[in-house]
Amino acid sequence: MAIRLGDTAPDFTAETTFGTMSFHDWLGDSWGILFSHPADFTPVCTTELGTVAKLKDEFAARNVKVLAVSVDPIESHHEWIADINETQNTVMNFPIIADPDRVVADAYDMIHPNADNTLTVRSVFVIDPAKKVRLTLTYPAATGRNFDEILRVVDSLQLTTDYQVATPANWRDGDDCIISNSVPDEDLSEKFPRGFEVIKPYLRTTPQPNR
Ligand code: BEZ
């Protein structure tokens with residue numbers, strides 16, 4: 001069954017390139033990003049994994065653990081990692097799940113039979129410390145993902161979890177935010193001491209409150 005926002009992320013135990021993992025235990029109090037790859041030794045996936053490895057410090061700064069999954073076996077993953085390190089000029093620093101029995105792929109509905117019967121699509125799940133799914137993305141096999149966008153969404157998710165704001169189109173960390181409609185006008189000064197602007201009764205902005 002498809003996974004929807006707000007669902008508890010399915011737990012699983014799996015073999016990974018970092019050893020056997022119990023997913024929820026491994027996440028602990030961190031945010032998590034679980035993302036799937038159609039197959040090992042494929043060019044787009046190779047660039048994606050190298051890109052994520054290079055973003056290690058960005059994920060750490062946001063308290064995010066990243067985890068990839070591919071339906072190929074563990075021996076294949078280890079051979080592929082050598083290629084990723086060589087061609088992408090990096091060192092793989094996060095686990096890849098070996099999912100030959102498609103336990104994870106099925107639990108997260110990562111195989112879309114009308115796209116391909118056997119390969120997973122490029123799914124992304126952002127999971128919060130309460131293990132709730134906060135973002136899902138699905139890309140086709142031939143389109144590599146934009147991991148700067150995924151970091152941007154994590155920034156928005158973390159900000160909007162902690163403050164009564166939303167983020168507008170193309171928002172980036174540091175830009176003004178939209179004040180939630182649940183905040184009454186009379187509370188604006190107290191809740192947003194850095195200032196606010198009422199453009200329309202339903203469109204009120206404030207400098208980013210966690211800066
Ligand atoms: C790739 O990662 O390059 C890829 C995988 C499956 C289909 C097409 C491209």
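Start at 1 and go down the list; that is how both ligands and their atoms are numbered. The model shown is predicted, which means the values in this text are computed figures rather than measured ones. All values below were derived from every heavy atom in this structure, side-chain atoms included, with hydrogens, water molecules and symmetry-related copies excluded.
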When only distance counts, is [X] in polar contact with ligand 1, meaning an N/O pair under 3.5 Å?
X      : answer
Pro38  : no
Ala142 : no
Pro43  : yes

Give me the nearest non-hydrogen protein atom to atom 7 (C) of ligand 1 as residue plus atom name, then the distance to 0.1 Å.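 Here the closest protein heavy atom is Ala141 CB, 3.5 Å.
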
To the nearest 0.1 Å, how far is atom 3 (O) of ligand 1 from its closest protein heavy atom, and which atom is that?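 Nearest protein contact, heavy atoms only, for atom 3 (O) of ligand 1 is Val44 N, 2.6 Å.
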
Just by distance, do the side chain of Thr42 and the backbone of Val44 share a donor-acceptor pair under 3.5 Å?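 No, Thr42 side chain to Val44 backbone: no donor-acceptor pair under 3.5 Å.
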
Is the backbone N or O of Val133 less than 3.5 Å from a side-chain atom of Asp7, with the two atoms forming a donor-acceptor pair by type? no

Would a single hydrophobic cluster contain both Phe59 and Leu157, if residues Ile, Leu, Val, Met, Phe, Trp and Tyr are joined by side-chain heavy-atom contacts under 4.5 Å?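 Yes; Phe59 is reachable from Leu157 via cluster members.
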
I'd like to know whether the aromatic ring centres of Phe125 and Tyr108 sit less than 6.0 Å apart in this structure. yes

Here the atoms of ligand 1 under 4.0 Å from any heavy atom belonging to Cys45 are 1 (C), 2 (O)

Does Lys65 make a cation-pi contact with Trp26 (under 6.0 Å, within 45 degrees of the axis)?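 Pair Lys65/Trp26 counts as cation-pi.
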
Look at the aromatic rings of Phe12 and Phe23 and report parallel, tilted or perpendicular, splitting at 30° and 60°.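 Because their plane-to-plane angle is under 30°, the rings of Phe12 and Phe23 count as parallel.
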
Does Glu48 approach ligand 1 within less than 4.0 angstrom via side chain, backbone, both or neither, non-hydrogen atoms only?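 Under 4.0 Å from ligand 1, Glu48 contributes no heavy atoms.
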
